[in-house]
*Asks:* 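Structure below; questions to follow.
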Protein chains: 2
Amino acid sequence: MIRKKTEVRKEEIKAAVLDIIANEGFSMLSTRNLAKRIGLSEGAIFRHFKSKRDIILSIMEDVKSDLQDKLRNIALSAKPAKNRLREFLFAHINYLYKHQGITILLFSEAAHMNDVKLKLQLNEILMEQKLLITKIIHDGKKEGIWNKKINEENAALLYLGIPLSFNVETVLNRNKFNVKEFCENMYKLLLNVLK
Amino acid sequence: MIRKKTEVRKEEIKAAVLDIIANEGFSMLSTRNLAKRIGLSEGAIFRHFKSKRDIILSIMEDVKSDLQDKLRNIALSAKPAKNRLREFLFAHINYLYKHQGITILLFSEAAHMNDVKLKLQLNEILMEQKLLITKIIHDGKKEGIWNKKINEENAALLYLGIPLSFNVETVLNRNKFNVKEFCENMYKLLLNVLK
DNA sequence: TCTTTGCAAGTGAGCAGTCACTTATTAAAA
DNA sequence: TTTTAATAAGTGACTGCTCACTTGCAAAGA
């Protein structure tokens with residue numbers, strides 16, 4: 001019986017959740033299977049999280065502090081809008097690629113939709129992403145590099161489709177996919193939209 | 001005890017599935033709740049479909065014969081590429097708007113992912129949409145109205161993000177949303193990408 | 001009549017979460 | 001530096017519940 005600190009176990013549990021979702025599918029995400037995957041008893045899971053829902057909420061918090069912080073820093077930096085847009089897209093897609101399962105988890109929870117708090121959390125994440133992209137586009141217009149007639153909010157919605165499209169593609173065609181090339185091409189297309 | 005032909009009940013059941021998903025969330029899609037919603041006993045459901053999975057597969061078949069037929073007709077018509085792109089986008093989004101719940105159903109099933117056949121069906125649908133869009137773009141290039149340097153497949157992926165983005169938006173912000181305006185704006189942005 | 005459609009009351013499996021109890025680790029007292 | 005007590009981490013059987021699906025029987029309608 002190996003014993004570990006609760007901080008360590010919490011990380012293991014959250015990692016296992018994403019692993020199960022990405023590799024076995026959402027329907028295999030039972031506390032039983034989760035415990036088995038870590039090599040722990042089912043009861044022990046509930047030592048570290050008071051409910052399954054709490055695990056999901058904790059993962060959402062991670063997204064908010066990891067991904068969103070990164071994206072916020074990029075969007076609000078002093079660099080030219082063009083560079084920020086590029087960095088933003090690459091950071092965004094790379095995060096989703098490294099943490100496969102996150103998008104599925106987030107949207108499955110939103111689709112299941114009985115949990116108001118979870119829905120709010122997701123909305124908060126997406127609204128901020130939309131806002132940050134809108135800001136970059138707005139700044140680019142002020143710099144004079146992009147078309148002033150562009151509807152900023154709709155352009156941001158178009159942007160948000162990219163990570164979604166990416167995730168669908170990776171879920172359905174597991175990994176036969178060059179991430180860097182994908183980002184590079186999408187960046188080029190986005191520049192076309194804006195100029 | 002009202003009795004109806006199995007064909008009629010099948011339609012009622014499938015409509016109820018989409019209704020539950022769109023208005024109560026995926027987690028409420030139990031055979032119990034489904035029966036209750038139609039005003040039927042649970043057992044009667046299984047008179048008309050041999051399993052819950054079969055209901056989902058039947059809905060997918062509907063998508064394939066309704067939406068895909070429509071999109072195929074548009075994409076393969078003799079009209080100018082520009083018009084086809086516009087019609088395609090509008091038909092696509094309108095279908096998803098009228099049949100709310102379809103996208104959630106399709107992607108939730110893909111995320112749950114233990115069912116190879118369901119995954120294949122979804123992949124087939126998306127692959128055809130991608131192909132049709134690719135064709136429209138290709139034709140537009142030949143007509144000389146669009147930039148020949150555009151990567152057709154990636155532009156198609158960017159397009160596919162639009163219905164996804166649309167669905168996320170409608171799930172999270174129930175209907176405070178002008179569909180026509182959304183389509184119009186997205187169409188404009190797509191033209192920017194291509195020219 | 002006899003096939004089709006319906007209902008009520010099942011079934012077993014799987015679910016999240018709990019509980020009484022055990023064991024490892026830490027730290028204070030002897 | 002041991003001994004001892006407190007606590008953190010783990011176990012696995014069990015609970016109540018929901019799930020998809022089945023069964024046996026009733027009644028409608030061709």
Side-chain angles (χ1 to χ4, degrees), chain A residues 1-21 24-60 104-105 108-109 111-118, chain B residues 1-21 24-60 104-105 108-109 111-118:
Chain A
M1 192 206 297
I2 302 152
R3 301 172 61 126
K4 297 180 181 173
K5 296 266 168 197
T6 190
E7 290 75 29
V8 177
R9 282 298 190 208
K10 277 186 165 176
E11 292 309 311
E12 285 183 10
I13 291 168
K14 288 188 283 185
V17 164
L18 294 181
D19 192 61
I20 288 170
I21 290 172
E24 299 179 43
F26 207 84
S27 61
M28 294 304 287
L29 186 63
S30 64
T31 48
R32 250 202 265 305
N33 191 33
L34 190 53
K36 201 177 124 198
R37 154 96 32 159
I38 305 165
L40 212 59
S41 70
E42 215 181 330
I45 301 274
F46 293 94
R47 275 270 173 245
H48 306 295
F49 290 99
K50 79 171 212 283
S51 67
K52 190 182 167 186
R53 175 175 174 272
D54 257 41
I55 307 175
I56 311 296
L57 280 170
S58 176
I59 291 176
M60 281 202 173
I104 295 172
L105 175 68
S108 285
E109 286 303 321
H112 277 240
M113 196 170 86
N114 278 349
D115 194 309
V116 177
K117 191 174 176 189
L118 281 170
Chain B
M1 196 201 295
I2 304 152
R3 300 171 57 122
K4 297 181 183 173
K5 296 267 166 196
T6 191
E7 291 74 28
V8 177
R9 284 296 191 207
K10 276 186 166 177
E11 290 309 312
E12 285 182 10
I13 292 168
K14 287 189 282 184
V17 164
L18 293 182
D19 193 62
I20 288 169
I21 290 172
E24 301 179 41
F26 205 85
S27 61
M28 294 304 288
L29 185 64
S30 64
T31 47
R32 254 208 259 307
N33 191 33
L34 190 53
K36 200 178 124 197
R37 154 94 35 159
I38 306 166
L40 213 58
S41 73
E42 212 182 333
I45 303 273
F46 292 93
R47 268 283 167 233
H48 306 294
F49 288 101
K50 78 173 215 280
S51 68
K52 191 181 166 184
R53 174 175 175 271
D54 257 41
I55 306 176
I56 311 296
L57 281 171
S58 175
I59 292 177
M60 280 199 172
I104 295 170
L105 175 70
S108 284
E109 285 306 320
H112 277 239
M113 195 172 84
N114 279 349
D115 194 310
V116 177
K117 189 172 177 191
L118 281 171

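Throughout, protein chains are lettered first and strands after them, A, B, ... in sequence-line order, and every chain is numbered starting at 1.
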*Asks:* Quick test: give all pairs of protein nitrogen or oxygen and nucleotides 6-8 of chain D nitrogen or oxygen below 3.5 Å, distance rounded to 0.1 Å.
*Replies:*
unit_1	atom_1	unit_2	atom_2	d
D:dA8	N3	A:Arg3	NH2	2.4

*Asks:* Measure CZ/B:Phe26 against P/D:dT18 and give the value in whole Å, please.
*Replies:*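 Spelled out: CZ on B:Phe26 to P on D:dT18 is 19 Å.
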
*Asks:* Given atom CG of A:Leu40 and atom P of C:dT23, what is their separation to the nearest angstrom?
*Replies:*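 These atoms are roughly 17 Å apart.
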
*Asks:* Taking atom P of C:dG17 as reference, at what distance in whole Å does atom CG of A:Leu29 sit?
*Replies:*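 Rounding to the nearest Å, CG of A:Leu29 and P of C:dG17 are 11 Å apart.
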
*Asks:* Tell me the interatomic distance from A:Lys36, atom NZ, to C:dA16, atom C1', rounded to whole angstroms.
*Replies:*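 It is 17 Å, rounded to the nearest whole Å.
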
*Asks:* Rounded to the nearest 0.5 Å, how far apart are CG of B:Leu29 and CD1 of B:Ile56?
*Replies:*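 Those atoms lie 5.5 Å apart.
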
*Asks:* Does any non-hydrogen side-chain atom of B:Leu40 lie less than 4.5 Å from one of B:Leu34?
*Replies:*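 A side-chain contact is absent here, since even the closest heavy-atom pair is not under 4.5 Å.
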
*Asks:* Residues in salt bridge (charged side-chain N to carboxylate O under 4.0 Å, His left out) with B:Glu11, at least two apart?
*Replies:*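 In terms of salt bridge (charged side-chain N to carboxylate O under 4.0 Å, His left out), with neighbours along the sequence ignored, B:Glu11 is linked to B:Lys14.
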
*Asks:* Figure out the CD1/C1' separation between B:Ile56 and D:dA20, and round it to whole Å.
*Replies:*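 Spelled out: CD1 on B:Ile56 to C1' on D:dA20 is 12 Å.
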
*Asks:* Ignoring backbone atoms, test whether A:Ser30 places a side-chain nitrogen or oxygen under 4.0 Å from the OP1 or OP2 oxygen of C:dC15.
*Replies:*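 Answer yes for this pair, as a side-chain N or O of A:Ser30 is under 4.0 Å from OP1 or OP2.
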
*Asks:* Distance check needed: C:dG6 C1' versus B:Glu12 CD, whole Å only.
*Replies:*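 In whole Å, C:dG6 C1' lies 13 Å from B:Glu12 CD.
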
*Asks:* Which residues in residues 42-52 of chain A have a heavy atom closer than 4.0 Å to any atom of DNA chain D?
*Replies:*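 Contacts with DNA chain D under 4.0 Å: A:Gly43, A:Ala44, A:Arg47, A:His48.
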
*Asks:* Roughly how far, to the nearest 0.5 Å, is the CG atom of A:Leu18 from the CD1 atom of A:Ile104?
*Replies:*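 CG of A:Leu18 is found 9.5 Å from CD1 of A:Ile104.
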
*Asks:* Verify the contact: side-chain N or O of A:Ser41 to OP1 or OP2 of D:dG10, cut-off strictly under 4.0 Å; return yes or no.
*Replies:*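 No, because none of the side-chain N or O atoms of A:Ser41 sits under 4.0 Å from OP1 or OP2 of D:dG10.
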
*Asks:* Output all residues satisfying side chain to side chain donor-acceptor pair (under 3.5 Å) with A:Asp54, sequence neighbours left out; order by chain, then residue number.
*Replies:*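 Result, side chain to side chain donor-acceptor pair (under 3.5 Å) vs A:Asp54: none returned.
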
*Asks:* For A:Lys4 and A:Arg9, which heavy atoms make the closest approach, and how far apart are they?
*Replies:*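 Closest approach of A:Lys4 to A:Arg9, heavy atoms only: CD-NH1, 3.7 Å.
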
*Asks:* Base, sugar-phosphate alone, or nothing: which one does A:Ile38 contact when heavy atoms must sit under 4.0 Å apart?
*Replies:*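 No contact.
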
*Asks:* Check salt bridge (charged side-chain N to carboxylate O under 4.0 Å, His left out) between A:Arg47 and all other residues, then give those that pass, not counting sequence neighbours.
*Replies:*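 Not a single residue meets the salt bridge (charged side-chain N to carboxylate O under 4.0 Å, His left out) criterion with A:Arg47.
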
*Asks:* Can you sort out the partners of B:Lys117 under side-chain contact (heavy atoms from CB on, under 4.5 Å), two or more places apart, ordered by chain and number?
*Replies:*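 Applying side-chain contact (heavy atoms from CB on, under 4.5 Å) to B:Lys117 gives B:Arg53, B:Leu57, B:Asp115, B:Gln121.
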
*Asks:* In whole Å, what is the span from the CZ atom of B:Arg53 to the C1' atom of D:dC19?
*Replies:*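 Distance check: B:Arg53 CZ to D:dC19 C1' gives 18 Å.
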
*Asks:* Would you mind classifying the nucleic acid contact of B:Ile55 as base, sugar-phosphate or nothing, using non-hydrogen atoms under 4.0 angstrom?
*Replies:*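 Nothing, no nucleic acid heavy atom in range.
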
*Asks:* So, is B:Arg9 close to the C:dT4 phosphate, meaning a side-chain N or O under 4.0 Å from OP1 or OP2?
*Replies:*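 So the side-chain polar atoms of B:Arg9 never come under 4.0 Å of the phosphate oxygens OP1 or OP2 of C:dT4.
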
*Asks:* Would you mind reading off the distance between A:Glu7 atom CD and D:dA9 atom C1', rounded to a whole angstrom?
*Replies:*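 Result: 12 Å.
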
*Asks:* Can you spot which of A:Glu42, A:Lys36, A:Lys52 makes a side chain to side chain donor-acceptor pair (under 3.5 Å) with A:Thr31?
*Replies:*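 That would be A:Glu42.
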
